[in-house]
There are 2 protein chains.
Amino acid sequence: MIGHTNRKPTREGVIQAAAKVAAILPPTPLLPVTIGDTQCWVKAEVLQPVGAFKIRGAWHRLSALSDDEKPRGVVAVSSGNHAQGVAWAARRLGIAATIVMPHDAPQVKLEATRALGAEVVLYERPGEDRDEVAARLIEARGGTLVHAFGDPWVIEGQGSAGIEITAQLGRQPSRILACCGGGGLTAGLALACPESAIVPVEPEGWDMVGQALAAGEIVPASPDAPKTICDALQPIATKPINLAVLLGRSEPGVTVTDDEVRAAQRFAFAKLRLVVEPGGAAALAAALAGKVPLDEHTVIMLTGGNTDAASYAATLAAGD
Amino acid sequence: MIGHTNRKPTREGVIQAAAKVAAILPPTPLLPVTIGDTQCWVKAEVLQPVGAFKIRGAWHRLSALSDDEKPRGVVAVSSGNHAQGVAWAARRLGIAATIVMPHDAPQVKLEATRALGAEVVLYERPGEDRDEVAARLIEARGGTLVHAFGDPWVIEGQGSAGIEITAQLGRQPSRILACCGGGGLTAGLALACPESAIVPVEPEGWDMVGQALAAGEIVPASPDAPKTICDALQPIATKPINLAVLLGRSEPGVTVTDDEVRAAQRFAFAKLRLVVEPGGAAALAAALAGKVPLDEHTVIMLTGGNTDAASYAATLAAGD
C-alpha cells in the first residue's frame with residue numbers, strides 16, 4: 001500500500017511535522033563547538049529517545065495513517081535507526097510494526113528494535129534488495145510501507161529538526177552539514193531552511209546523493225563499493241522524491257573516510273561528551289577535516305548514537 | 001583573602017545565581033530515562049562547556065569579585081572539574097587563575113585546565129593538604145580563594161541547576177540524587193528546591209557528607225580510605241558551611257561501589273548516548289542499584305563527563 005507516491009513534501013508539511021514533534025518530544029540541544037578558530041554549532045540528535053533523528057519522520061508518518069491503515073500495521077526497511085524510530089512511534093500509537101533489517105546490522109540496533117516491540121525480519125546485505133523483501137512482506141500481509149527516506153512524510157518529519165534549529169539559533173543557519181544516507185534528512189532540511197546552504201556528507205564510495213546531484217539523475221551504488229563503518233549510510237540509491245527536492249538546491253556532496261569518521265567520534269567524546277555512531281559523525285568529520293567552510297552560523301548534525309560498546313571502545317583506543 | 005566566611009548561602013542567592021548563569025549558558029537538557037519500570041529524569045550537566053556543573057559556581061563567584069579583587073586573581077583547588085569551571089570563568093572575565101591540582105588527576109583534566117589559560121600547580125595526594133598548598137600560594141602572591149565547595153557563592157551557583165530543573169519539570173522534583181564530593185552541589189540543590197528530598201551519593205569509603213550527616217559533625221576521611229575510581233569525589237572532609245545547610249535537610253547519604261559506578265557509565269553510554277565520568281555517574285549508579293526509591297518526579301544528576309579515553313574504553317569493554 002503505497003498510496004502517496006504522487007504527494008510532494010512541502011515546507012508547510014515540515015512546519016506541521018515540527019508542531020507534531022514538539023508536542024511529544026523536547027527540542028534536542030543545539031550546542032556550541034569550537035573547530036579550529038571558529039565557534040559553530042552541533043545539533044545533538046543523538047539525545048532523542050531512540051538515539052537518532054529518525055524518530056521525527058516516523059512519528060510524522062505513522063501519526064498520519066488513516067483509521068483504515070492503522071490496524072493493518074506498518075513495514076519498514078532499515079539498518080537500525082529508522083527501525084527504532086518506526087518501532088517507537090508504532091508502540092506509542094498501538095500499531096504493529098515489522099522491520100526488515102540487514103543481518104549484519106549492529107547488535108545494539110537489532111536488540112533495541114525488538115525491545116520496542118517490533119517484529120524484525122533479517123535479510124542478507126548486499127545479496128538481497130531490501131525494498132523487494134519489504135514489498136513481498138506487504139503483498140503477503142498487507143500494511144503500509146514506511147520508507148526510510150523516499151517518503152514525503154518521512155522527509156517532512158526529518159525536516160522538523162531544521163525548524164527547531166532555526167528557533168534555537170534565532171535565524172536560519174548559514175550552512176547545515178548533514179550526515180546523508182538516502183537523502184531524507186537532507187531533503188527535509190532543504191525544505192525547512194530555504195535560506196541555508198545544505199551540504200550532504202556521505203561515506204567514500206557510498207555518496208549516492210552526491211553522485212546523483214552531480215549527474216542530475218539517480219546513480220545506484222556500485223556492487224564493488226568499499227566497506228564503510230557508517231552502517232547507517234549505505235543506501236542502494238537515493239530516490240526521485242529526494243533528488244527532486246535537492247537538485248538545484250543542495251551544495252555538492254562531500255565524502256569522508258573511515259579514519260575521518262573515527263576522529264570525529266573521538267572529538268565528540270572528548271569535547272562534547274556525546275556518544276556518536278560512525279554514520280552520525282560523518283558531518284562532524286567533514287567539518288574537522290576542513291572539507292566545508294565554517295562560520296558562526298554553521299550547524300553540524302550529529303544524527304545518531306547507536307553503536308556497540310566494543311567497536312566504540314576500539315575507536316577510542318585507536319586515537320591514543 | 002577570605003572575607004566572606006560569615007556570609008551564608010541563601011535561596012535568594014541561588015535565584016540570583018540562576019539568572020546570572022541563564023544569561024550566558026543555555027539550560028542543560030533534562031532527559032527522560034527509564035529505570036526498571038519507572039520513567040524519571042537525568043540532568044545532563046556533562047553537556048556544559050567544561051563538561052561539568054562546576055562552571056555554575058565558578059561563574060557566580062568570579063563575577064561577584066570586586067574591582068579591587070579581580071586584578072589580584074583567583075586560586076582554586078580541584079581534581080579537575082572545578083579547575084576547568086574556574087579557568088573558564090576566569091578567562092571570560094580576564095582574571096588570572098592558579099589551580100592547585102593533584103598530580104594524579106586525569107590527564108584530560110590537567111590538559112583542559114591548562115588549555116583554558118590557567119596556571120596549574122601540582123600537589124601529591126594524599127600526602128599534602130591541598131588547602132594548605134592553596135593558602136601558601138595566596139600568602140605568597142595574593143588573590144582570592146575559590147573553594148571547590150566550602151564557599152557561599154559556589155554553593156549558590158551550583159544550586160542554579162535546581163532552579164533550571166524546576167522550570168524544566170514544571171515543579172520541584174520529588175527527590176534529587178546528587179553525586180557528592182564536599183557537598184557544594186548538594187547544599188545548593190537543598191537551597192534551590194526546598195520541597196525536594198535531597199540524597200547525597202558518594203563513593204564507598206569517601207562518604208564524608210553522609211558520615212557528617214549521621215554524626216552531626218564534620219568527619220575527616222580516613223587515611224586508610226579505599227581507592228575509588230571517582231576522582232572527583234574524594235574530599236578530605238565536608239565544610240561547616242555545607243553541613244550547616246544539609247543538617248536536618250538532607251536525606252541520609254548513600255554510597256556506591258566502583259562496579260556500580262562502571263555499570264552506570266555503561267548505561268549512560270547505551271541508553272542516553274552521554275559520556276559520563278566515574279564521579280559523574282555516582283547518582284545514576286545508586287538509582288540503577290535500587291538504593292534510592294524512584295518516581296516520575298525524581299531527578300538524577302549527571303554531573304561530569306571528563307574522562308580519559310583509555311579508562312572509558314576499559315569500562316565499556318568490562319561490560320561485555
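Both backbone and side-chain heavy atoms feed into the values below; hydrogens, waters and symmetry mates do not. So you know, we letter chains A, B, ... as the sequences are listed, proteins then strands, and number each from 1.
For chain B, the nearby parts of A:T307 are the backbone and the side chain; heavy atoms of each come within less than 4.5 Å. Interface remark: A:P26 contributes no atoms to any contact with chain B (heavy atom separation under 4.5 Å). For a residue to count as touching a neighbouring chain, one of its non-hydrogen atoms must lie under 4.5 Å from one of that chain's; by this rule A:V108 does not touch chain B. There is no contact between B:P27 and chain A, counting heavy-atom distances below 4.5 Å. In this structure, no portion of B:V33 lies under 4.5 Å from any heavy atom of chain A. The part of B:Q48 that comes within reach of chain A is its backbone (N, CA, C, O), which places non-hydrogen atoms under 4.5 angstrom from that chain. Neither the backbone nor the side chain of A:P32 comes within contact range of chain B; no heavy atoms are under 4.5 Å apart.
Below 30°, between 30° and 60°, or above 60°: for B:F269 and A:Y312 the angle between ring planes is between 30° and 60°, a tilted geometry.
Counting heavy-atom pairs closer than 4.5 Å to chain B, the top residue among A:L272, A:T315, A:T34, A:V50 is A:V50.
A distance of 7.0 Å separates CG in B:L316 from CG in A:L316, rounded to the nearest 0.5 Å.
Side-chain contact between A:N306 and B:R273 is present, with heavy atoms from C-beta onward closer than 4.5 Å.
Annotation for B:K271: atom NZ does not count as buried by contact number, only 12 or fewer foreign heavy atoms lying within 6.0 Å.
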Handout entry: CA sep, side-chain torsions, deciding dist, call: B:L274, A:V275, side-chain contact (heavy atoms from CB on, under 4.5 Å)
Key = CA-CA 6 Å; B:L274 290 173; A:V275 177; 6.0 Å; no
